[in-house]
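Because only heavy atoms are used, hydrogens play no part in the values below, and waters and symmetry mates are left out as well, while side chains stay in. One-based numbering, in listed order, for ligands and for the atoms of each. Numbers for residues simply follow the sequence, beginning at 1.
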Amino acid sequence: MGKKPVRKACTGDDGKSSEDVRSGLSLGSLWRAYIDNLICVQGRGIPEIATPNDRYMAFAYTVRDRMMYRAAHALHAYMNKDFKIVCYLSAEFLMGPHLGNNLINLGIYDETRQAFKTAGYDIEDFLEQETEPGLGNGGLGRLAACYLDSLATLEIPSIGYGIRYEFGIFDQELSDGWQVERTDMWLHLGNPWEIARPEISFDVKLGGRTEPYRDEEGRYCVRWVPHRIVKGIAYDTPILGYRVGTCNVLRLWKAEATESFDLEAFNHGDYYRAVEDKVVSENLTKVLYPNDTQLQGKQLRLEQQYFFVSCSLQDMIRLHLARGKGLGTFHETYAVQLNDTHPSVAIAELMRILVDDHRMDWETAWHVTKNTFAYTNHTLLPEALEKWSLQLFGALLPRHLEIIFEINRRFLDEVRTKFPGDEGRMARLSLIDETGNRSLRMAHLACVGCHAVNGVAQLHTELLKSTVLRDFYEMSPEKFSNKTNGVTPRRWMVLSNPGLTALITERIGAEWIRNLDDLRRLEEFADDREFHDRWRRVKLDNKKKLASRIREATGIVVDPGTLFDVQAKRIHEYKRQHLNILHIIALYVRIKLNPHTDMTPRTCIFSGKAAPGYFMAKLIIKLITSVAKVINNDPDMEGRLKVVFFPDFNVKNGQRIYPAADLSEQISTAGKEASGTGNMKFALNGALTIGTLDGANVEIREEVGAESFFLFGLTAEQVQEMKLQGYDPSALYASNPRLRGVIELIRGGHFSPENPDLFRPLLDSLTEQDEYMLFADFDSYVDCQAEVAAAYRDTERWTRMSIMNTARMGKFSSDRAIREYCRDIWKAEPVRVGMSGCLEWKPGGRA
Ligand SMILES: *Cc1c(COP(=O)(O)O)cnc(C)c1O
């Protein structure tokens, strides 16, 4: 009955062999497949009655089929080979829309556009239809997505493991200038990119108690008697590399009720209780917690973390055993990266599986565990460092807590040996925070249970070593390294900026798409007149497109001829959107005082979501929209200044915003932004940066050159020093009339006449604490913005700097970052798949 795969050379699409309709890349077979899917999958026999979503789905399946052929081909190439598999564990994957990216990576974007054009369709309409999977909050989740693209492009066999949230990050709307959250219904019209695999499913235990017992050989063992069991089902999304044969997978877990667990209730005829339990189980993966950098110590969040970690490890073990290997070599098969501490309970879970379920001795299990895991730290902000109350953790994961106590006992013994008599150090290093309500420090668990720890930018890694993880660095300096973040040029340039992609490729060829360092060759054209003109025209086109989006979304008309000054990122006090708005108010005051002043016309664009429970961030949005209302309706501002809040910042909107920016706002308090990746996307697309020496800004400036970067503000060191000396914002306030003028205007209700006290909490927080030192950086920022304005008027100089920014962004490719992880941490090598052969399934043999 089975069919045997046979490899043969692709003969091109002669339209004769039966599989062409699912694998062929010619116009003819693509079109036939599309019509087939419209009829057979979407059930639309008459094209006229097909909805835009029908058409999108039919096309998406057409593309997915091609990817599945690559995936099948890759699997065959992997058979009977031994190699390391990279597993990227992340509670968030902010993938963005798949269709366009898959067309690019398959290498059929232009052909397909042409095919649809001939048939009277615009491919843009298909792309528009896709609701993006917003399974992440911001930078951390987007980094995971860029890394999956690079892993596949570099031909590294890998799996992304995460959670299939039914509702991802909320959609943001504005009402009366306030943020309103709407449920993200991304699955409602169907998700053509995922394949449900109900037969890949694992039970996950929760709650209950532990029980000691003696096994047949009289050894002391512990068994976990759970209170409930939830089942995880795998949903796979293929991840294709850029024009390579490699097709990896993103495997997300959905929670369901176990069939067997409620038998008792059923037997007692308690049908409703049994169904109720099912509902409770499915709640586990219902919704993504919408906090970017704020810990929410909710039990459900811990359940989510443990759930996806447990399913993922069980899956890895299943694959490992299926390859005929013993668990003693688990770490030789898998390199598992923990994206922040969210999956760090994996350390205790692997120990539990090895020691309890597979009876491995502790030392061997610890050796395997430590050599399996590596940990990436993403933040220095104390409020973001994960801690779980021992009570909550122990109630949900009683066995894991025992294991963690044992890990801690052994670790503290090591500390005692290395630093005898240093009780303070022991308390600081302990996995348990004994002060107040006892809690478990997840970053400490990650540092102890991993063989490698990394920060995400040079400055961030140095600060980790000297501040929050200093004791761990002193304990095991060899574990620490830096891996500066990167972004994928496929999505963030080729897909989102086709104009610039075409121009660059015309001059230096297309090799830069895989080897971003190649962009350096653009320097040759930095003074080329014609190239300048073309470069500016591309930017202007992108600005026009964004302008029309802005008009649709907000009704505000902006002039693409003005300087587009953009801050797009999560709204957070440390990112200082309010510093940006203070500068805008300063400009407003200046124009009001001298309405005929000659100035560089500016359009200030903000975009970003605030965590729903983050009062101050939501107030900042209201301040921006209130200032916008006043400025945009003042005739004196006409042709000089405009302010826009572009709602619902997500990947799709990011793809429209980054390519259209002239100026990139990267103005966080130095030492607070771990790396940033928005900064890289802007600069890659030719925006100049105004920024502090924070995160990867430091390295961006090093690369592009100080002369092409607008630097302002305190350094991280100066911030620390000033805090130590007792920073007093009220003194600065008293001595700075320009700053006072701006603050007084807000305080007086100029932007909130109906409620003068509206912004009091924000202003009080600035004048009393100013935790993020806006006042200390205000003058430097405003002066720097004046330099920006002057530079923009010198079109030639600006264009030259813009070209230089793009030309020198090679370092910030996620390909570079992934190569470093492979070399230094994972010890993973590419496994070439090749694309020359196609699979042909012949009847007769066994598959
Ligand atoms: C890149 C990106 C981010 C991260 O931006 P930062 O400026 O680094 O904070 C957040 N959200 C989306 C949608 C992104 O594309």
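- Nearest protein heavy-atom neighbour of atom 7 (O) of ligand 1: Lys569 NZ, 2.8 Å.
- Residue-ligand proximity, Thr677 to ligand 1, at heavy-atom distances under 4.0 Å covers atoms 1 (C), 4 (C), 8 (O).
- For ligand 1, the polar-atom distance check against Asn650 finds no nitrogen or oxygen pair separated by under 3.5 Å.
- Remark: minimum distance from atom 2 (C) of ligand 1 to any protein heavy atom is reached at Lys681 NZ, 2.5 Å.
- By the 3.5 Å distance cut-off applied to N or O atoms, Glu673 is not counted among the residues near ligand 1.
- Applying the 4.0 Å criterion to heavy atoms of Gly139 picks out, from ligand 1, the atoms 3 (C), 4 (C), 10 (C).
- Considering backbone and side-chain atoms alike, Asn679 places every N or O at 3.5 Å or more from each N or O of ligand 1.
- Checking Ser158 against Asn248 by side-chain atom types alone, a donor-acceptor pair falls below 3.5 Å.
- When each atom of ligand 1 is checked for a heavy atom of Gly676 under 4.0 Å away, the hits are 8 (O).
- Ligand-side atoms of ligand 1 in range of Trp492: 15 (O), range being under 4.0 angstrom from any heavy atom.
- When each of Tyr781, Phe778, Phe712 is checked for a ring-ring contact (aromatic ring centres under 6.0 Å, His included) with His583, only Tyr781 meets the rule.
- Within ligand 1, the atoms closer than 4.0 Å to a non-hydrogen atom of Tyr658 are 1 (C), 2 (C), 14 (C), 15 (O), numbered from 1 in the order shown.
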Side-chain donor/acceptor pairs under 3.5 Å, residues 92-101, sequence neighbours excluded:
| unit_1 | atom_1 | unit_2 | atom_2 | d |
| --- | --- | --- | --- | --- |
| Glu92 | OE1 | Asn137 | N | 2.7 |
| Glu92 | OE2 | Asn137 | ND2 | 2.9 |

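- An N or O contact shorter than 3.5 Å is missing between Asn137 and ligand 1 by distance.
- Taking the charged nitrogens against the carboxylate oxygens, Asp648 and Lys609 do have a contact shorter than 4.0 Å, which makes a salt bridge.
- Of the polar atoms of Val651, none of the N or O atoms is found under 3.5 Å from an N or O of ligand 1, judged by distance alone.
- Seen from the ring of Phe564, Lys543 counts as a face-on cation partner, given the 6.0 Å and 45° thresholds.
- For atom 9 (O) of ligand 1, the nearest non-hydrogen atom of the protein is Lys575 NZ, 2.8 Å.
- A donor-acceptor pair shorter than 3.5 Å cannot be found between the side chains of Asp824 and Ser481.
- Heavy-atom contacts of Gly138 reach the following atoms of ligand 1: 10 (C), 11 (N) (cutoff under 4.0 Å).
- With 3.5 Å as the limit, one finds a donor-acceptor pair spanning the side chains of Glu386 and Gln305.
- The existence of a salt bridge linking Lys618 and Glu181 is confirmed by a sub-4.0 Å separation between a basic side-chain nitrogen and an acidic carboxylate oxygen.
- Protein heavy atom nearest atom 12 (C) of ligand 1, with residue, atom name and distance: Phe649 CE2, 3.6 Å.
- If you check which protein heavy atom lies closest to atom 5 (O) of ligand 1, you get Gly678 N, 3.7 Å.
- Only one option out of Asn497, Leu516, Asn805, Ile700 pairs with Leu684 in a side-chain contact (heavy atoms from CB on, under 4.5 Å); it is Leu516.
- A salt bridge does not link Glu132 with Arg142: none of the charged nitrogens is closer than 4.0 Å to a carboxylate oxygen.
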